[in-house]
Amino acid sequence: MMRSHPHPHSLPHPSRRALLGGAALTAFAVATGAGAGTANAATGTKTATTTGGTTTGGTTTGGVGAGGGAWPTVFPLPNGFLPEGIAIGRKPYAYMGSRANGAIYRTDLRTGEGGILFAGGTGLIAVGLKLDHDGLLYVAGNTGVARTHDSRTGEVVATHQLTEPTGHFINDVTLLGDRAWFTDSRAAALYGVPRGRAGTVKTLPLTGDWVQLPDVNNANGIVGTPDGRALIVVKSTPGELYNVNLKTGHATKITLTGATDVVNGDGLYRIGRTLYVVQNRLNLISVFHLNSKATTATLTGTITNPHFDVPTTAARFANRLYLVNARFTSPQTPETTFTGVAVPI
């Protein structure tokens, strides 16, 4: 058992104008994305290919937003940002984390404009993110660490030391019940951080059908099952889905129908019994229908987009999924450009 440590400062709540305008863009350290795999494409399903609209001022517009106007389908992130995670709550703002230095960038989905919310720092990393209804932002920090931020100010509310710094990769997070659940791509365990309060972090070893593979990314994206009683975890290598019992950690391999695997599976997003699996280096989202017990997943279609450039994870607002392009196959330098992309669902 590990303890989470609250930040000692109480947090102010500035206006939205101060939030978007008060933070300056910072320089980002050079970092390199990792991961490997080969495609094993499924056949016999419908494929939806989405395209962008007109381009103005570096932001591609198209589609109809919740407010009735055209919202951007592509929006810029700072050069060198090295994005991977994205989170969206009830309001039209996306929060994206940086692998370069743990910074958090906030974009208004209505305009595509944004700014740095949290400047990050040396040794910090931000990969998977989830935004809670109370405004707390849970961030997977890779090197054994998870953090909680105030989404209005960007300040760190708590730091959670889940594991020792080396030999682990705290990768993604989902909110279920009274905990935020984090995956570890390099160890056979999940970690449950109490939501909205200090307390004991729960370590849930993965057993059952789970076999941890050495020297590759295993557990990655994570979501709750439709009934809220278990977790679904994607194993990036060799490309499998698992149903994990919240009480015991017993992992049952989910039977795939219409697809042989979900290789390069990264972020997961679920709406009811529809599961979206982002397969990063394939530039693909596979769409599955779950049975009532989430033990079988049937491929119903795929989503591609010409603006995809190794998308990693997804979040939803209205009738769109929003993704960030990690561009793992491109140079990861301070000058490398990055974007977010919206696709209809």
Side-chain angles (χ1 to χ4, degrees), residues 1-5 87 127-134 136 138-141 144-148 158 160-164 167-213 217-236 239-256 262 265-277 288-297 313:
M1 298 286 186
M2 285 76 68
R3 279 277 176 187
S4 58
H5 305 290
V127 276
L129 302 88
K130 285 296 182 295
L131 180 61
D132 211 343
H133 60 81
D134 59 3
L136 292 180
Y138 293 86
V139 179
V145 171
R147 297 189 307 276
T148 307
H160 318 278
Q161 190 66 48
L162 307 182
T163 69
E164 58 272 16
H168 295 268
F169 181 0
I170 307 305
N171 197 335
D172 208 349
V173 57
T174 196
L175 306 176
L176 184 62
D178 62 352
R179 293 181 182 271
W181 289 96
F182 292 82
T183 57
D184 187 339
S185 294
R186 297 290 172 144
L190 305 177
Y191 310 97
V193 171
R195 290 168 69 175
R197 58 183 174 85
T200 301
V201 175
K202 181 179 180 180
T203 299
L204 187 67
L206 296 174
T207 62
D209 295 339
W210 190 271
V211 177
Q212 187 74 11
L213 302 177
N217 285 342
N218 289 258
N220 199 331
I222 182 171
V223 293
T225 56
D227 62 10
R229 298 179 180 178
L231 293 160
I232 298 172
V233 176
V234 62
K235 192 177 185 185
S236 297
E240 299 165 338
L241 295 172
Y242 288 84
N243 182 312
V244 178
N245 186 297
L246 268 176
K247 295 181 179 179
T248 66
H250 187 280
T252 301
K253 185 178 177 181
I254 296 175
T255 300
L256 300 181
V262 285
D266 200 327
L268 300 180
Y269 195 86
R270 182 185 57 77
I271 304 172
R273 285 164 61 179
T274 300
L275 180 68
Y276 298 88
V277 182
F288 290 90
H289 177 75
L290 299 168
N291 68 345
S292 59
K293 296 183 179 179
T295 55
T296 298
T313 192

Grab the two heavy atoms, one from [X] and one from [Y], that are nearest each other, plus how far apart they are.
| X | Y | result |
| --- | --- | --- |
| R186 | H168 | CB-CA, 3.9 Å |
| L136 | G196 | CD1-CA, 3.6 Å |
| A297 | L290 | CB-CD2, 3.9 Å |
| K247 | K202 | O-NZ, 4.5 Å |
| Y242 | A251 | CD2-CB, 4.0 Å |
| K130 | T174 | CG-CA, 3.9 Å |

Of all residues at least two apart in sequence or in a different chain, which pass the salt bridge (Lys or Arg N to Asp or Glu O under 4.0 Å) check with [X]?
| X | answer |
| --- | --- |
| K293 | none |
| D209 | none |
| R270 | none |

Between [atom1] of [X] and [atom2] of [Y], what distance do you get to the nearest 0.5 Å?
| X | Y | atom1 | atom2 | result |
| --- | --- | --- | --- | --- |
| L231 | N245 | CG | CG | 9.5 Å |
| F288 | I254 | CZ | CD1 | 9.5 Å |
| L246 | W181 | CG | CH2 | 5.5 Å |
| D184 | T163 | CG | OG1 | 5.5 Å |
| H250 | T207 | NE2 | OG1 | 5.5 Å |
| S236 | N217 | OG | CG | 6.0 Å |

L241 vs K253, side chain to side chain contact (heavy atoms under 4.5 Å, CB included): CA-CA, chis, key distance, verdict
CA-CA 6 Å; L241 295 172; K253 185 178 177 181; over 6 Å; no

Other residues, nucleotides, ligands: >12 heavy atoms within 6.0 Å of R273 CZ:
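Above 12, so yes.
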
Answer yes or no: is there a donor N or O on one side and an acceptor on the other, between the side chain of [X] and the main chain of [Y], under 3.5 Å?
| X | Y | result |
| --- | --- | --- |
| K235 | W210 | no |
| N291 | T296 | yes |
| T225 | A230 | yes |
| N243 | A294 | yes |

Test item: side-chain donor near acceptor, S185 and N171, under 3.5 Å:
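Yes, because at least one side-chain N or O of S185 sits under 3.5 Å from a partner of the opposite role on N171.
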
Please examine the side chains of Y276 and I271, heavy atoms only from C-beta on, and report whether any two atoms are closer than 4.5 Å.
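A side-chain contact exists here, since the closest heavy-atom pair is under 4.5 Å.
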
4.5 Å side-chain heavy-atom contact, L162 and V193:
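Yes, side chains in contact.
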
Test applied, side-chain contact (heavy atoms from CB on, under 4.5 Å); reference residue, Y191; option that passes from L204, V173, V201
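Filter result, single survivor: V201.
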
Tell me every residue that passes side chain to side chain donor-acceptor pair (under 3.5 Å) with D172, counting only those two or more places apart in sequence or in another chain.
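Not a single residue meets the side chain to side chain donor-acceptor pair (under 3.5 Å) criterion with D172.
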
For N218, all residues meeting side chain to side chain donor-acceptor pair (under 3.5 Å), sequence neighbours excluded:
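Per chain and number, N218 pairs via side chain to side chain donor-acceptor pair (under 3.5 Å) with no residue.
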
Could you tell me which residues satisfy ring pair (Phe, Tyr, Trp, His ring centres under 6.0 Å) with Y269, sequence neighbours excluded, listed by chain and number?
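Not a single residue meets the ring pair (Phe, Tyr, Trp, His ring centres under 6.0 Å) criterion with Y269.
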
Side chain to side chain contact (heavy atoms under 4.5 Å, CB included) between L190 and T183, intermediate numbers included
CA-CA 5 Å; L190 305 177; T183 57; 3.9 Å; yes

